Amino acid sequence: MEEKTLLNLFNPKLLEGKTVLITGGATGLGNAMANACASLGANIIIASRNIERLTTAAEEIEQKYSAKVLPVVCDVSKIEDVENLLLKAKEEFGSVDALINNAAGNFISPTENLSTNAFSKIIDIVLKGTINCSLTFGKDWIANNIHGSIINIITTYAFTGSSFVTPSAAAKGGVLALTRSLAVEWGKYGIRHNAIAPGPFPTKGALERLLPGDLAKQFDLKARVPLNRVGRHEELAGLVVYLLSGFADYINGEVICIDGGEWLQGAGQFNELSALPPEVWEQLKKQKPSK
Ligand code: HXC
Ligand code: NAP
């Protein structure tokens, strides 16, 4: 499905007048979200560490759509950078309506091989970075009576945990708890919190870090998914657009998986039996349990 086809679902002015901030919006899934929101009329702020990637992405989006895009260099793990991000955003657009906490860091490793610094690095980007952004923008919204919306991008292993990506699993689990806690606490201010848990959506950032070298050849991402395919970026972007739209104003504190059923396939005790051929099922049917 083409990006355009999916976005034809929505009124082209759906997000007109809204300003959407996407951390990590210069690359991968964040970039798909930025493009989708810009195509529907939103002003966009993208924030991450690498200035070249930011300016290239901002230029590309502005060329494609008649949207305004503000690129801001910001390390979300540093509170002074995030406070500067709020100032820049307000200077350019007056206020921000939606924050998508999408920036992340990850690598694959046996946990016993990790230094405490390596563990902290991921916690600082994913959990502390999300807290820095949510508190900074949330406090501003509360002070100015702005009914903002926060979408936190987590993973399905935030529910289950996962070997070999322990820092990321711990951080994303924390982000899920933050989402649910603030959905209730800040509901009274009209601020909504939701989370999206994507399954496998190939991006350079995720694949190079999580399936480095020959691992990519050995690990068939789609084989783990009941729908037998990976996700398309525009499918995730479409979900983000829906959650930001007025149609989702009553959705608060929710986590939406978009993974083709992947995590449930791993969880159900008998799910592996789908590999059994029909003749084996016929034989099993004839076998009577002993009394
Ligand atoms: C073990 C490692 C390591 C590795 C780094 N370290 N890589 N340890 N295995 N593969 C250790 C270093 O030795 C160091 O510890 C500490 O981590 C910090 O390393 P730095 O090199 O200073 O960090 P930096 O270069 O800033 O890199 C940060 C990063 C990097 C997180 C490691 O990958 C990054 O910037 N990533 C951003 C993008 C990203 O990760 N995207 C993927 C998101 S995908 P010492 O003790 O030596 O100082 C995702 C998907 C999940 O989350 C679900 C998929 C299905
Ligand atoms: P990606 O392209 O590597 O995105 C990560 C982004 O975060 C990059 O733009 C990176 O930019 C930015 N970033 C990293 N550290 C930062 C920091 N300290 N401050 C500010 N920005 C920082 O990977 P992706 O696959 O699109 O991932 C996007 C989100 O989806 C992540 O939250 C990830 O956990 C989640 N996710 C992805 C998948 C998947 O299959 N792709 C599955 C589940 C969940 P800089 O390096 O330039 O700063």
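For ligands, and for the atoms within them, numbers begin at 1 and follow the listed sequence. Computed from a prediction, not measured in an experiment: that's the story for all the values here. Heads up: numbering here begins at 1 and tracks the sequence.
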Study note, to complete from the structure: At a 4.0 angstrom heavy-atom cut-off, ligand 1 is contacted by R49, A104, G105, N106, F107, S109, L114, S115, N117, A118, K121, I122, T155, Y157, G205, A206, R209, L210
Check your understanding: Should K90 and D140 count as an ion pair when the cut-off is N to O under 4.0 Å?
Key -> yes
Practice item. Spell out, as yes or no, whether a donor-acceptor pair under 3.5 Å connects the side chain of N271 to the backbone of L264. Key: yes
Check your understanding: Under a 4.0 Å N-O cut-off, is there an ion pair linking K217 with D214?
Key -> yes
Check your understanding: Using a distance-only test with no angle check, is there a side-chain donor-acceptor pair under 3.5 angstrom linking N35 and K64?
Key -> yes
Check your understanding: Do W141 and Y189 have ring centres separated by under 6.0 Å?
Key -> no
**Study point:** K88/E91 ion pair, N-O < 4.0 Å
**Key:** no
Point to revise | Carboxylate-amine/guanidinium proximity below 4.0 Å for E235 and R229 | key: yes
Practice item. Enumerate the protein residues lying less than 4.0 Å from ligand 2, judged by heavy-atom distances, in chain and residue-number order. Key: G24, T27, G28, L29, S48, R49, N50, R53, C74, D75, V76, N102, A103, A104, I125, I153, I154, T155, K172, P198, G199, P200, F201, T203, G205, A206
Exercise for review: Could you walk me through whether I122 and F107 pass the side-chain contact (heavy atoms from CB on, under 4.5 Å) test, one step at a time?
Suggested key: CA-CA 9 Å; I122 304 303; F107 44 69; 3.8 Å; yes
Review point. Are D249 and R192 side-chain neighbours, meaning at least one heavy-atom pair lies under 4.5 Å?
Key: yes
